[in-house]
*Asks:* 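Structure below; questions to follow.
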Amino acid sequence: MANQNGAKYGFTGLFPIKMDGHSANLRTLLRSLDDKQYYPRGSPLSEVPIVHMSRFVIVDSLPYQGAPAKLDTLNSQYLLFACDYDGSSLDDLIHAMVDKMPEVTAIWDHCVGFPGTESLDRLAAYFEQCQLKTNLLLADQPEASVNDILKGLMYRRRLGEFIRQVQNQPPGPAALQRDFMLMWQSLQDDKPPLPGEL
């Protein structure tokens, strides 16, 4: 399946935006989604534990290359939503977003045909209707979950701190081995960071 790479699924959708100021209101809303006062970890999507990467873009016009190209116009503006996540279907993303991200309604309520979040089946059908097929989903670690990657980043950071400390104050071999084992044990005991914490 083109949208799938290992344990990851890539969704790209174009959702037509309603007329009469909805595009401006949606743009304002999207710009507020990184407000640290409301979203300490950087985004409401940080609360959705399966999301690796996501992006919102408002497409309001198509580029014009100049003559002899033809000027193409759009019948409406579109919300482009692209998201890579752990899962094997669109249902995985829909369930996780509705469960963990109440902003789903505020965002997609600006789009034509949004059915609300009461019926997950209708919401999934709506996303499928607006979905673009992904031809090539690239994933550097196709089998690694969000949790696996965050844990690996935590290990890398702590090992880097350990190496800097050792370079600044080199201990003897026995102390180096003891300190490394203490650092390694603390990594085993620590919970992986949450998205947006690193």
Side-chain angles (χ1 to χ4, degrees), residues 1-35 38-39 42-48 50-98 100-142 146 149 195-196:
M1 179 189 296
N3 292 327
Q4 190 85 36
N5 186 345
K8 292 187 177 63
Y9 191 94
F11 173 81
T12 303
L14 278 175
F15 301 86
I17 299 172
K18 296 174 183 174
M19 303 293 195
D20 301 325
H22 281 274
S23 180
N25 293 336
L26 178 57
R27 196 178 299 272
T28 300
L29 173 63
L30 293 177
R31 285 189 179 136
S32 74
L33 295 183
D34 65 351
D35 186 334
Y38 299 106
Y39 309 109
S43 164
L45 281 155
S46 295
E47 301 298 327
V48 184
I50 63 172
V51 172
H52 286 268
M53 180 285 305
S54 65
R55 180 172 298 262
F56 291 104
V57 177
I58 293 181
V59 180
D60 50 14
S61 63
L62 298 174
Y64 176 55
Q65 302 295 327
K70 180 181 148 206
L71 177 63
D72 290 318
T73 58
L74 298 172
N75 292 331
S76 76
Q77 296 179 340
Y78 290 87
L79 171 65
L80 169 73
F81 176 60
C83 185
D84 295 351
Y85 58 93
D86 297 331
S88 59
S89 74
L90 190 49
D91 289 337
D92 297 324
L93 178 64
I94 297 296
H95 286 265
M97 284 194 340
V98 169
K100 298 290 186 182
M101 187 180 140
E103 293 81 1
V104 167
T105 299
I107 294 168
W108 275 276
D109 202 35
H110 292 286
C111 297
V112 175
F114 175 62
T117 59
E118 293 77 27
S119 168
L120 297 182
D121 289 339
R122 282 201 335 254
L123 184 57
Y126 173 67
F127 269 64
E128 286 174 6
Q129 182 181 2
C130 297
Q131 184 174 13
L132 303 174
K133 181 181 176 186
T134 301
N135 290 323
L136 179 61
L137 176 59
L138 298 176
D140 62 338
Q141 298 181 50
V146 171
I149 290 174

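These numbers come from the heavy atoms of this one structure, side chains and all, not from hydrogens, waters or symmetry mates.
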*Asks:* Are E103 and Y39 linked by a side-chain donor-acceptor pair shorter than 3.5 Å?
*Replies:* yes
*Asks:* When you measure from the side chain of D109 to the backbone N and O of A106, does any donor-acceptor pair fall under 3.5 Å?
*Replies:*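 No; zero donor-acceptor contacts below 3.5 Å.
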*Asks:* State, to 0.1 Å, how close G87 and Q4 come at their nearest heavy-atom pair, and which atoms those are.
*Replies:*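 Looking at all heavy atoms of both residues, the closest pair is O-NE2, 2.9 Å.
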*Asks:* Tell me the closest heavy-atom pair linking T117 and L120, and the distance in Å.
*Replies:*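 Answer, listing the atom of T117 first, then L120: O-CD2, 4.0 Å.
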*Asks:* Using the side-chain contact (heavy atoms from CB on, under 4.5 Å) criterion, which residues pair with Q131? Sequence neighbours excluded.
*Replies:*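 side-chain contact (heavy atoms from CB on, under 4.5 Å) list for Q131, sorted by chain: N3, Y9, F11, L90, E128.
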*Asks:* Rounded at 0.5 Å granularity, tell me how far CG in D86 sits from CD1 in I149.
*Replies:* 7.5 Å
*Asks:* Mark yes when over 12 heavy atoms from residues, nucleotides or ligands other than K18 sit less than 6.0 Å from its NZ; otherwise mark no.
*Replies:* yes
*Asks:* To check you understand the geometry: which heavy-atom pair defines the closest contact between L93 and C83, and what is its length?
*Replies:* CD1-SG, 4.0 Å
*Asks:* Do you know the tightest heavy-atom contact between G10 and T134?
*Replies:*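 Shortest heavy-atom separation between G10 and T134 comes out as O-OG1, 3.4 Å.
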*Asks:* Counting C-beta onward and ignoring hydrogens, is there a side-chain heavy-atom pair between P195 and V51 closer than 4.5 Å?
*Replies:* no
*Asks:* Could you tell me whether the side chain of N5 and the main chain of L137 form a donor-acceptor pair under 3.5 Å?
*Replies:* yes
*Asks:* Which value, rounded to the nearest 0.5 Å, describes the distance between L14 atom CG and Q77 atom CD?
*Replies:* 12.5 Å
*Asks:* Between L29 and I107, is any pair of side-chain heavy atoms under 4.5 Å apart?
*Replies:* yes
*Asks:* To the closest 0.5 Å, what do you measure between SG (C111) and CD1 (I17)?
*Replies:*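 Those atoms lie 5.5 Å apart.
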*Asks:* Can you find a pair of side-chain heavy atoms, one from L45 and one from M97, that are under 4.5 Å apart?
*Replies:*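 L45 reaches M97 side chain to side chain.
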*Asks:* Rounded to the nearest 0.5 Å, what separates atom CG in L79 from atom NE2 in H22?
*Replies:* 13.5 Å
*Asks:* Could you tell me which non-hydrogen atom of S54 sits nearest to which non-hydrogen atom of F81, and how far apart they are?
*Replies:*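 Residues S54 and F81, closest heavy atoms: CB-CE1, 4.0 Å.
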*Asks:* Rounded to the nearest 0.5 Å, how far apart are CG of D60 and OG of S23?
*Replies:* 6.5 Å
*Asks:* Rounded to the nearest 0.5 Å, what separates atom CD1 in I94 from atom CG in L123?
*Replies:*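 Result: 4.0 Å between the selected atoms.
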*Asks:* Is it true that, when you exclude D72 itself, more than 12 heavy atoms of the residues, nucleotides or ligands shown sit nearer than 6.0 Å to its CG?
*Replies:*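 Result for CG/D72: enclosed.
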*Asks:* May I ask you to decide if the ring planes of W108 and F127 are parallel, tilted or perpendicular, using 30° and 60° as cut-offs?
*Replies:*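 If you compare the ring of W108 with that of F127, the planes turn out tilted.
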*Asks:* How close do R122 and P115 get, counting heavy atoms only, and between which atoms?
*Replies:*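 Scanning both residues, the minimum pair turns out to be NH2-O, 3.4 Å.
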*Asks:* Can the ring centres of F15 and F114 be said to be less than 6.0 Å apart?
*Replies:*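 Between F114 and F15, which both carry aromatic rings, the centre distance is not below 6.0 Å.
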